[in-house]
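Report on the structure given below.
Just so it is clear: chains get the letters A, B, ... in the order the sequence lines come, proteins before strands, and each one is counted from 1. What you see is a predicted model, and the numbers here were worked out from it, not measured in a lab.
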2 protein chains.
Amino acid sequence: MKTLHSPVGVIRSAGYRLTRQRRLVVDILAESHEHLDAEAIYQRAKGRDARISLATVYRSLALLKQTGIVQEHSLGEGHGHFEATQPSPHYHFTCRTCGKVVEFEAPQVLGAVRRLCGKMQLKVVEVHLLLSGYCSHCGIGRMDGDDIQI
Amino acid sequence: MKTLHSPVGVIRSAGYRLTRQRRLVVDILAESHEHLDAEAIYQRAKGRDARISLATVYRSLALLKQTGIVQEHSLGEGHGHFEATQPSPHYHFTCRTCGKVVEFEAPQVLGAVRRLCGKMQLKVVEVHLLLSGYCSHCGIGRMDGDDIQI
DNA sequence: GTCCATGCAAACTGTTTGCACGCGC
DNA sequence: GCGCGTGCAAACAGTTTGCATGGAC
């Protein structure tokens with residue numbers, strides 16, 4: 001059973017240096033509870049340290065992902081979005097009209113996945129469930145099952 | 001209730017022209033039951049019609065996606081993969097070692113999603129469930145729960 | 001014949017990399 | 001001080017677009 005450390009502790013105990021830039025990226029993701037993309041993280045980082053570069057943001061994100069501190073999600077926009085790893089797994093819905101992202105938990109999904117993958121002898125490391133459609137606001141008047149398929 | 005037409009019928013009844021190139025892309029996806037990316041589709045298409053261009057493949061895929069004839073999946077490689085829309089929804093597992101993609105059905109997942117989204121007033125149009133980990137072959141000796149999180 | 005679709009090449013977006021300098025340990 | 005990490009700019013992959021020509025209807 002893995003003990004939970006602070007991001008800073010994880011970075012150091014994995015043998016990586018704790019640089020100003022890495023700490024900055026961690027902080028930005030820990031503070032913001034949105035799903036930022038690399039560019040947005042870079043912009044925020046630049047606000048606090050004008051010298052940081054986009055390449056470093058990407059390199060930091062790769063390292064943080066590898067150590068499990070952050071997770072990357074594909075939210076249907078064709079590029080990555082990042083968030084600090086949460087204690088309990090959750091999934092995402094994105095609205096096709098307004099772009100809003102709704103997070104939700106779904107323990108049943110994990111159960112079903114676990115059962116299925118046990119049968120198929122698959123060792124699952126990551127689970128991404130991504131829904132898209134229309135949120136409660138944008139879905140008004142969209143009862144015309146035209147592209148509603150579920 | 002939407003009637004099922006042949007891809008060709010769907011294209012024409014949506015008011016689009018049925019060109020040699022569009023038919024070719026449809027055929028390639030219908031024949032191959034793999035998850036091809038745009039480049040792979042382009043290579044196969046060139047084999048049958050040397051004049052086709054990659055841009056047209058992309059344009060055709062966009063149109064076929066919009067009409068529901070094909071689906072795009074993000075299989076964790078950072079670029080899109082395409083397959084002909086199947087009658088019953090299914091999901092994907094990709095092996096981190098050998099890259100193999102395993103398809104599986106999971107009606108329970110759809111049920112859970114439907115229930116949750118009903119509560120949250122979300123109208124769901126698309127459901128993507130993507131697992132990654134190690135397949136039965138590559139997973140041997142990987143019992144050391146180090147990065148196994150589910 | 002009309003107008004949408006195509007081919008080509010150039011543009012664009014997101015991401016990665018090579019290399020010399022900088023800084024955490 | 002050693003060696004990993006950074007900044008910069010250039011390279012890269014995947015995808016999109018502008019424009020003149022071609023082909024479906």
Side-chain angles (χ1 to χ4, degrees), chain A residues 7-28 35-67 69-82 99, chain B residues 7-28 35-67 69-82 99:
Chain A
V8 164
V10 175
I11 291 173
R12 304 186 69 155
S13 65
Y16 298 109
R17 293 182 183 173
L18 183 59
T19 63
R20 188 178 73 249
Q21 295 88 334
R22 287 175 183 171
R23 196 194 295 259
L24 193 43
V25 172
V26 169
D27 287 351
I28 287 168
H35 300 86
L36 304 173
D37 56 25
E39 182 63 33
I41 295 167
Y42 172 55
Q43 290 306 332
R44 295 192 184 198
K46 261 206 310 196
R48 300 198 214 170
D49 176 352
R51 287 170 303 172
I52 197 172
S53 80
L54 181 56
T56 295
V57 169
Y58 274 108
R59 285 189 274 230
S60 300
L61 286 170
L63 183 143
L64 296 171
K65 223 167 51 167
Q66 187 193 299
T67 51
I69 297 167
V70 315
Q71 286 185 301
E72 179 169 9
H73 299 284
S74 158
L75 297 178
E77 277 188 50
H79 63 275
H81 289 251
F82 301 84
Chain B
V8 164
V10 174
I11 292 173
R12 305 186 69 156
S13 65
Y16 299 109
R17 292 181 184 171
L18 182 60
T19 62
R20 188 178 72 249
Q21 294 89 332
R22 288 176 182 169
R23 196 193 296 255
L24 193 43
V25 172
V26 169
D27 286 350
I28 286 168
H35 300 87
L36 304 173
D37 57 24
E39 183 64 32
I41 294 167
Y42 172 54
Q43 291 306 333
R44 296 192 184 198
K46 261 208 308 197
R48 300 198 215 170
D49 176 353
R51 287 170 302 172
I52 197 171
S53 79
L54 182 54
T56 295
V57 170
Y58 275 107
R59 284 189 275 231
S60 299
L61 287 170
L63 183 142
L64 295 172
K65 222 166 53 169
Q66 187 193 299
T67 51
I69 296 167
V70 316
Q71 286 186 300
E72 181 170 8
H73 300 284
S74 158
L75 298 179
E77 276 188 52
H79 64 274
H81 288 251
F82 300 84

Grab the two heavy atoms, one from B:Ile69 and one from B:Pro7, that are nearest each other, plus how far apart they are. CD1-O, 3.6 Å
Using 0.5 Å steps for rounding, measure from the CD atom of B:Gln71 to the CG atom of B:Leu64. 12.0 Å
For nucleotides 17-25 of chain C, give me one character per nucleotide, 5' to 3': B if any protein heavy atom sits under 4.0 Å from the base, S if the only such contacts are to the sugar-phosphate, - if neither. BB-----BS
Sequence neighbours excluded, which residues qualify as ring pair (Phe, Tyr, Trp, His ring centres under 6.0 Å) partners of B:His73? B:His92, B:His128
Can you tell me how far P of D:dT15 sits from CD of B:Glu77, to the nearest Å? 11 Å
Indicate, with a heavy-atom threshold strictly under 4.0 Å, whether A:Gly80 touches base, sugar-phosphate, or nothing. sugar-phosphate
Under 4.0 Å: is that the gap between some side-chain N or O of B:Ser53 and OP1 or OP2 of C:dG7? yes
Nearest-Å distance, OH (B:Tyr58) to P (D:dA13)? 12 Å
Report yes or no: does A:Ser60 contribute a side-chain atom to a donor-acceptor pair with the main-chain N or O of A:Thr56 at less than 3.5 Å? yes
In whole angstrom, what separates A:Ile41's CD1 from C:dT15's C1'? 13 Å
Check the distance between C:dG14's C1' and A:Leu75's CG and give it to me in whole angstrom. 15 Å
Quick note, salt bridge (charged side-chain N to carboxylate O under 4.0 Å, His left out) partners involving residues 12-26 of chain A, not counting sequence neighbours, are A:Arg20-A:Asp49
Assuming nearest nucleotide by heavy-atom distance, tell me which of B:Glu39 and A:Ile52 is located more 5' along DNA chain D. A:Ile52
Rounded to whole Å, CG of B:Asp49 lies from C1' of C:dG7 at a distance of 11 Å
Separation of atom NE2 in B:His81 from atom P in D:dG14, rounded to whole Å: 9 Å
Taken to the nearest whole Å, NE2/A:His79 to C1'/C:dG14 is 8 Å
Can you tell me how far the NZ atom of A:Lys46 sits from the CG atom of A:Leu54, to the nearest 0.5 Å? 9.0 Å
Using whole Å, what does the distance between atom C1' of nucleotide C:dG7 and atom NZ of B:Lys46 come to? 13 Å
Please name the pair of heavy atoms, one in A:Ile41 and one in A:Ile28, separated by the smallest distance, quoted to 0.1 Å. O-CD1, 3.9 Å
